[in-house]
Amino acid sequence: MKVLVHYPTLLHNLLQYGTNPPLEHVDRLWHRLKTSHLQVYISQRGLNVIRNELSSTIANNVMGRIQDVFQVCPNPSPLQLEEAKRSFIGGNYEELVEICSTRLMQIDYILSDIPCAFHSFGLREIQLDRDIVTVLRGENSSLKSFPALMKGNFSSLWFLENYLRETPDYSSKTTLSQWFRENRSARNWHPLEAFNVKSYVETTARSRKFRRGKLIHLGPPHLNNANSVILVIAVANPQREFNVTMEILPSQSNSVLPRNLLCQILDVTDTCVAQEETGYNTPAISMEIEGEAGERVSILIQHQGFIHREDLVI
């Protein structure tokens with residue numbers, strides 16, 4: 001699970017002791033994050049702001065510890081910011097940079113103790129004490145292009161971490177071999193009849209296939225006119241390895257896929273092992289891989305700056 005800490009939230013934690021936070025406090029944060037199940041991020045812009053707020057006599061030591069346990073989301077390019085501005089009209093610039101940074105790393109959640117700063121962006125909001133089961137099940141994945149807003153202070157990370165430790169079987173990944181064996185799918189995945197679309201990939205006679213689809217929005221969830229497509233996954237087990245077919249279909253309101261839609265399959269190291277891109281009047285695209293149960297792959301769908309990532313376990 002990837003969480004970006006809104007930099008004012010971390011800064012508020014550090015500055016409770018003034019501009020010279022004791023290194024013992026920083027070391028406690030360092031140790032807890034070092035052993036955490038969470039992948040915790042901070043934006044490059046946030047790092048720069050925090051450095052400027054700290055006393056020069058301690059800044060290097062504190063920043064060294066922060067950068068040792070926080071992964072850094074790079075600053076978005078000017079082009080990426082301009083594209084985002086067209087989608088998020090009227091949003092605060094500082095928070096726009098944060099959101100653009102999260103999209104580069106496919107972040108699941110933004111943790112902020114000033115959630116009102118993000119209200120103009122229409123992000124889904126999560127209250128940990130109320131929605132912890134939603135978080136543990138990874139149910140934000142259908143809107144992966146845009147992180148959900150997790151409301152809370154920095155200590156909310158420990159609240160979440162405690163639940164993760166007590167729930168060893170939590171996963172935000174979809175396990176495909178389990179679909180096949182149990183003949184049922186995960187939340188947000190439905191039979192194709194629910195979308196009133198037809199697959200272009202034929203079911204082979206040599207093996208049983210389990211096929212499900214998921215609606216993917218190619219734009220901010222609050223925009224009604226954003227493009228959407230259906231991601232279809234079919235799982236078959238002809239021999240020892242599972243055969244997985246990935247297909248992208250237009251939603252019911254469209255007859256063809258959007259032009260310049262790029263779909264990639266990534267291995268466990270995020271190396272692209274297959275990709276397809278749509279042109280004019282492309283009715284569907286499909287790719288096929290094989291792998292053993294437990295093998296991890298990801299599907300990356302990109303269109304006009306929007307990114308959706310679906311993490312899978314075969």
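Worth knowing before you read on, the calculation uses all heavy atoms, side chains too, and leaves out hydrogens, waters and symmetry mates.
You'll find the side chain of Ser101 reaches within 4.5 Å of the side chain of Pro76, heavy atoms only. Contact annotation: the side chain of Leu300 approaches that of Gln302 to within less than 4.5 Å [non-hydrogen atoms, C-beta and beyond]. Counting heavy atoms from C-beta outward, His6 and Glu95 have side chains that approach closer than 4.5 Å. In this structure, Phe195 and His190 have side chains that are in contact, with non-hydrogen atoms separated by less than 4.5 Å. Side chains of Gln264 and Ser298 form no contact here, defined as non-hydrogen atoms less than 4.5 Å apart. Between Val3 and Ile107, every side-chain heavy-atom pair lies at or beyond the 4.5 Å cut-off.
A donor-acceptor pair shorter than 3.5 Å can be found between the side chains of Asp113 and His12. A side-chain donor-acceptor contact under 3.5 Å links Asn60 and Arg51.
With respect to the salt-bridge test (charged N to carboxylate O, under 4.0 angstrom), the residues Arg45 and Glu98 do not qualify.
Closest of all the heavy-atom pairs between Pro283 and Leu257 is O-CG, 4.1 Å.
Atom NZ in Lys214 sits 8.0 Å away from atom CG in Leu231 (nearest 0.5 Å).
The same ILVMFWY cluster, assembled from side-chain heavy atoms under 4.5 Å apart, contains both Val49 and Val72.
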